[in-house]
2 protein chains.
Amino acid sequence: MFISIDFNSDEAIYMQLCDQIIRAIAIQELREGESLPSVRQMADEIGINMHTVNKAYAILRKDGFLKLDRRSGAMIAIDLDKIKALSELDESLRPVIARAICKDVSKEEAIAMVEKIYKEYGGSID
Amino acid sequence: MFISIDFNSDEAIYMQLCDQIIRAIAIQELREGESLPSVRQMADEIGINMHTVNKAYAILRKDGFLKLDRRSGAMIAIDLDKIKALSELDESLRPVIARAICKDVSKEEAIAMVEKIYKEYGGSID
DNA sequence: CCCTATGTTATAGTAAGTATAGAACATATA
DNA sequence: TATATGTTCTATACTTACTATAACATAGGG
């Protein structure tokens, strides 16, 4: 599987799970319509509790990355609310950029880094 | 003061404090060499406990934004470790950009937003 | 020298969040 | 009917967040 949890990390397990699933979608390792392991399967594979996986899945559904169904399990289904996506991006970028500015990171350097990461993530979107 | 805490937020108070102080530095509302209120003064002004402020100050020192002194209080002192700053920026941007890509936010849109925020934060650095 | 203010540390308590465990439920599928 | 699904419930242990007192060494002002 594409999931690897760092149990020594200060980041919560369910958050690591969310981030890694989202990353897998971004690099198209997971595609629209594909199914994820059930909460119990995923929990067994990773070696964590079912409820921790369930929490991650519930957040991913709330944030518009998954649709959960009692019969077909968890399926990738992106909710493309562009307005919301942009405002969330804005909110996430602000504190990150504030830190960068304090450390004398120029606008050009920051943009170069964004471009680098976009390329790394497959360049599926230009 | 430039600090306003949202007590209903799910973000920890000491984290809100850190973010707002860093933002104030970024927009040059606080400048190198300036002093912040003492942990006790700041705690009184905001209406929170001394230790919560102390925790925020300690993190800001660790991350190279402040220097703390027993006599002169807390003073803005940016540690310009560019390598570290860039690697931290990289690490922070990754999950944010992964989310954006999933939501079909193009590279150009993301870069435009970075430019917008840089301009908002004063354009002191181009 | 005394008093005050500084950051710092220690202890303790409450509340909330994280992760675990076991059990049960309704429902859809094979 | 039997199985597997997400979902919900209760319960426990642990960690973190926040508050509350108290104390300490040290530097500066009067």
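In what follows, every chain begins at residue 1, and chains take the letters A, B, ... in the order their sequences are listed. In this text the structure is predicted, and so the values were computed from the model without any measurement.
Sorted by first and then second residue, the pairs that involve residues 8-19 of chain A and meet side-chain hydrogen bond (donor to acceptor under 3.5 Å, both in side chains), not counting sequence neighbours, are A/D19-B/R99.
In summary, A/K82 and B/E109 engage in a salt bridge, as defined by a charged side-chain N under 4.0 Å from a carboxylate O.
Between C/dA5 and B/Q41, no contact under 4.0 Å exists linking OP1 or OP2 to a side-chain N or O. At the phosphate of C/dT6, OP1 or OP2 sits under 4.0 Å from a side-chain N or O atom of B/S38. Residue B/K55 places no side-chain N or O under 4.0 Å from the OP1 or OP2 atom of D/dC18. Taking 4.0 angstrom as the limit, A/N54 places none of its side-chain polar atoms (N or O) nearer than this to OP1 or OP2 of D/dG6.
Between the CD1 atom of B/I5 and the C1' atom of D/dT19 there is a distance of 15 Å, rounded to whole Å. With rounding to whole Å, B/I59 atom CD1 is found 13 Å from D/dT16 atom P. What separates CG of A/L60 from P of D/dT7 is a distance of 12 Å, to the nearest Å. C/dA19 atom P lies 10 Å from atom CZ of A/F7, rounded to whole Å. Put simply, CE on A/M50 is 11 Å from P on D/dT5, counting in whole angstrom units. Rounded to whole angstrom, the span from the CG atom of B/L36 across to the P atom of C/dT6 amounts to 13 Å. Between B/N49 atom CG and C/dT11 atom P there is a gap of 17 Å when expressed in whole angstrom units. A/L66 places its CG atom 15 Å from the C1' atom of D/dT5, with the value rounded to the nearest Å.
In this structure, B/D90 CG and B/L86 CG are separated by 8.5 Å, a value rounded to the nearest 0.5 Å.
Relative to the side chain of A/R40, the nucleotides D/dA22, C/dG22, D/dT5 differ in distance, and D/dT5 lies closest. Which of C/dT20, D/dT5, D/dT19 sits closest to the side chain of A/T52 comes down to C/dT20.
Among the atoms of the strands shown, only primed sugar atoms or phosphate atoms (P, OP1, OP2) are found under 4.0 Å from some heavy atom of B/Y14.
With hydrogens and angles ignored, a donor-acceptor pair closer than 3.5 Å exists between the side chain of B/H51 and the base of D/dT21.
Within 6.0 Å of CD in B/E32 there are more than 12 heavy atoms belonging to other residues, nucleotides or ligands.
Of the N and O atoms on the side chains of A/Q28 and A/R31, at least one donor lies less than 3.5 Å from an acceptor on the other residue.
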